[in-house]
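A short worksheet on the structure shown next.
This is a predicted model, so every value here is computed, not measured. We count ligands from 1, going down the list as the structure has it; atoms in each ligand are counted the same way.
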Amino acid sequence: MEKRIYNFSAGPGVLPEEVLLEAQKDFYSYKGEGLSVMEMSHRSKTYDDIIVTAEKDLRELLNISDDYAVLFLQGGATFQFSMVALNLMPTNNKADYINTGAWSKKAIKEAKRVGEVNVAATSEDSNFNYIPKQDALNLTENASYVHFTSNNTIFGTQFKTEPEVGNVTLVCDASSDILSKPIDVSKYGLIYAGAQKNMGPAGAALVIVKKSLLERSPNSLHTYLNYNTHAEKGSMYNTPPTYSIYIMGLVYKWLLKNGGLEAMQKVNETKAKLLYDTIDNSDGYYKGAAAIEDRSLMNVTFNLQSEELEKKFIAEATAKDFSGLKGHRSVGGIRASIYNAFPIKGVEELVEFMGEFKKNNE
Ligand SMILES: *Cc1c(COP(=O)(O)O)cnc(C)c1O
């Protein structure tokens, strides 16, 4: 078999090897049917089984009740910045957004086109290196919803628990930490996530929405922009991203087989601890970018003493087949994205490399 590198890419991110091999096995002729999933009618019995099973497995993983619709849509998480606001902001036309980074800002930008946006808190004052505390939230009365970004892919911060918003609808962009740990879906009105960080290939977005909220969507909305359209048609109003959904389904099976989200959380905590301990025990040689209590289990961000040293670090790491470690241009430094499918062995080897690099370049 061809070799695989250690892929620390922030997105599209690493997928489980077992999933890739399974897809490879069925690539040319799905279960001996003589055609690939890509070539199959989305209305066929075979494909219906694929999407229905994917939804069923996801519901099991996240313990999603029948009060919620599960949608597989196109347009990525970015399209949800618009859809959320268009569907859920009326009729109050007022929403609260917690601004914890570049993705939150993009969500805010679209919401402002629909109605009034109150930025309930922001950590922009220190380049988004922390998550605002509960008591810093300036929530408004009668807001249609409160929107937050559970994991900030670029800055490496993560909400450890949901913000408390009382009876107001909670909306979450969970693109980069969905399925990394159990969550209580019943606390949310809507959760959305692009597939390509932690659960599949690009091209699909997952939306989990409380059915009672679907009443809010104005009839004047374009058909395709209305959640009801997709909920009523089981994500089959038009051709869904069939292959992406198929791979997502394989990832869900892989998660179930490996003990579900509680087991995944333990593995994720172990992997992140290895890296953060290495950073914290380096006598300041490596400096964590995020506030300690808000550190992400998915995207570990850190800096070295100088940009020059960071360049050297990345060059030497790349030569050792550690790929995708360059930090986002807005923060610089190093970012190791260690999503669900990233193997623990890869983290152990990176940590070893960090030790050697420090010894050789102090
Ligand atoms: C990557 C990312 C997005 C954008 O996702 P697309 O699917 O490319 O639109 C939005 N939010 C978060 C938190 C992300 O990490």
- Are D48 and R43 close enough, and set up right, to give a salt bridge (charged side-chain N to carboxylate O under 4.0 Å, His left out), and what steps lead you there? CA-CA 7 Å; D48 190 61; R43 311 276 178 204; over 6 Å; no
- Decide yes or no on side-chain hydrogen bond (donor to acceptor under 3.5 Å, both in side chains) for R335 and S9, but give the supporting numbers first. CA-CA 9 Å; R335 171 175 54 174; S9 168; over 6 Å; no
- Query: Under 3.5 Å, is there a donor-acceptor pair between the K94 and N142 side chains?
  - Reply: no
- Message: Does atom CD (Q305) have a neighbourhood of more than 12 heavy atoms from anything else shown, all under 6.0 Å?
- Response: yes
- Task: Validate the cation-pi geometry between K109 and W103: distance from NZ or CZ to the six-membered ring centre under 6.0 Å, angle to the ring axis within 45°.
- Result: no
- If you look at every heavy atom in N226 and L221, which pair is closest and at what distance? CA-CD1, 4.1 Å
- Neighbouring protein residues of ligand 1 - any heavy atom closer than 4.0 Å: G76, A77, T78, F81, W103, T149, N151, T153, D173, S175, S176, Q196, K197
